2 protein chains.
Amino acid sequence: MSLFRGIKYFLLSDNSKHKILKSILGFRPLNIELYEQAFTHASVAGQEDEAMEESNERLEFLGDAVLGAIVAEYFFVKFPNKNEGELTKLRSKMVSRSFLNQLAIDMGLDSFLETSADTRRSKSIFGDAFEALIGAIYLDRGYQSCKKFVTEKVIPDYVELSKLIKTESDFKSRFIELAQKERYKFEFKNVMLQHQDHIRYRSILLIDGVEVGEGEGSSKKKAEQMAAQTYFEKRK
Amino acid sequence: MSLFRGIKYFLLSDNSKHKILKSILGFRPLNIELYEQAFTHASVAGQEDEAMEESNERLEFLGDAVLGAIVAEYFFVKFPNKNEGELTKLRSKMVSRSFLNQLAIDMGLDSFLETSADTRRSKSIFGDAFEALIGAIYLDRGYQSCKKFVTEKVIPDYVELSKLIKTESDFKSRFIELAQKERYKFEFKNVMLQHQDHIRYRSILLIDGVEVGEGEGSSKKKAEQMAAQTYFEKRK
């Protein structure tokens, strides 16, 4: 069963909202308005003539940063032998748009979100709402409560770490497979970047001559991997 | 006077280290080894035959994330009327490599850092050490102590917010000025990026045909600004 249980949050009474939030978060919310805001997509937030109802975008900004810190610490402690490069990669994957979108959907957060009908098509709004929820928890109950929610509720039930580690460098193969299936005419255009004391590579991925992804890295292979990855992230 | 006062940290007795750290941080450090590690650059960290002395790179990873969250909250609270795009820009500037390097040098953190002589040339090691210090404080005393240190000691004394806000979009002019002075042959190559439902621009900045910066944005102007900014960040 998903954490948010398919409940239409905005149809609930205030009392029910308190109860359901408590059961999801693991603690009693103090300022329920913060959560309302987290679940309010820009498409339905205050029209100018109405009493201003704020959208979740500022909370998303805050939550993104707080989530980044929590996930960094989680990996830092969990993997004492990984170096900062490996930790950075893992963290990037876990806070990537595509990962957070899927996470939010798996958790069932989509049923809590108030949007106008035609914005539903873009999946990224669910990942954004998840970040906004983290921002709301932070303002309501502080860093420790956020950390508990992420490391004790979200990660154990919804993040497969072994999968996260494994999927690391599969983007190029995944892209080529897709391109063959869809008969895309594609090309990785690679250029060398000269820095003062080292060389890096940039890779631009084109389909029918139009750029669809780009990446940079210390080898052509890495740059191409990243170019393919950005392609998948943009397509959500 | 700079916060770190030109003291050669690694020459002090343990007792003096405790005292000097307390006066800098505003609280008593509990685990002094974390700070030693924060001030230990990879160039002098444990050779394989010796007892392993860990470098500051993992702490830098952690501190980078924690600092990002603290700075995000600081701007979120300070500017209740700025939207998430403006907040993101401000935060990016304050946690940028070039800004943190200068900050660390202004604070005098360089005198605390143990490096091999030939790594001193790269300024970015000081910004890295500052992030590692934040990581050390976090592990030693938790999020609230980090936040106090950053918002009560670092920002008031070393960050000119008005300057940070103003310098926002000056990179292109700054670059052109420099290019004219140095007689660089430069060019911004702009390409349009077609996304599903919107258009963006990428700008690649070339000097003598070699890429030296790149940026992306919703307008050509923004993409060029960012390309010029990345040029300055890489040059540190």
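Protein chains get the first letters and strands the later ones, always in sequence-line order, with residue 1 at the start of each. Since this is a predicted model, take the numbers as computed values, not measurements.
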Check: A/E216 side chain, A/A223 main-chain N or O, donor-acceptor pair, under 3.5 Å: no
Please classify the contact of B/Y74 with chain A as side chain, backbone, both or neither, using a heavy-atom distance under 4.5 Å. neither
Contacts with chain B made by residues 58-68 of chain A (heavy-atom distance under 4.5 Å), listed by residue number: A/R58, A/L59, A/F61, A/L62, A/D64, A/A65, A/V66, A/G68
Under a 3.5 Å distance rule, please check whether B/E214 uses its side chain to pair with a backbone N or O of B/S203 as donor and acceptor. no
Taking the side chain as C-beta and beyond, is there a heavy-atom pair between B/F232 and B/L178 under 4.5 Å? yes
Going by residue number, which parts of residues 129-139 of chain B are within reach of chain A, meaning a heavy-atom gap below 4.5 Å? B/Y138, B/L139
Quick check on B/K147 against chain A: is it the side chain, the backbone, both or neither that has a heavy atom closer than 4.5 Å? side chain
Residue, of A/V212, A/T88, A/V210, that accumulates the most heavy atom pairs under 4.5 Å with chain B: A/T88
Proximal component of A/Y143, with respect to chain B [non-hydrogen, under 4.5 Å]: side chain
Side-chain contact test, heavy atoms from C-beta onward, threshold under 4.5 Å: evaluate it for A/F99 versus A/M94 and give yes or no. yes
Those residues that, when tested against B/Y201, pass ring pair (Phe, Tyr, Trp, His ring centres under 6.0 Å) (two or more places apart): none
Decide yes or no for A/K82 and A/L90: does some side-chain heavy atom of the first lie under 4.5 Å from some side-chain heavy atom of the second? yes
Can a donor-acceptor pair be found, under 3.5 Å and without considering hydrogens, that links the side chain of B/E187 to the backbone of B/L206? no
With B/N190 as reference, evaluate B/E224, B/K221, B/K220, B/R202 under the side chain to side chain donor-acceptor pair (under 3.5 Å) test and give the passing residue. B/E224
Ignoring hydrogens and angles, tell me if any N or O in the side chain of A/N56 forms a donor-acceptor pair with the backbone of A/F39 under 3.5 Å. no
When you measure from the side chain of A/N31 to the backbone of A/D140, do you find a donor-acceptor pair of N or O atoms at a distance under 3.5 Å? no
Contacts of type side chain to side chain contact (heavy atoms under 4.5 Å, CB included), residue B/T230, not counting sequence neighbours: none
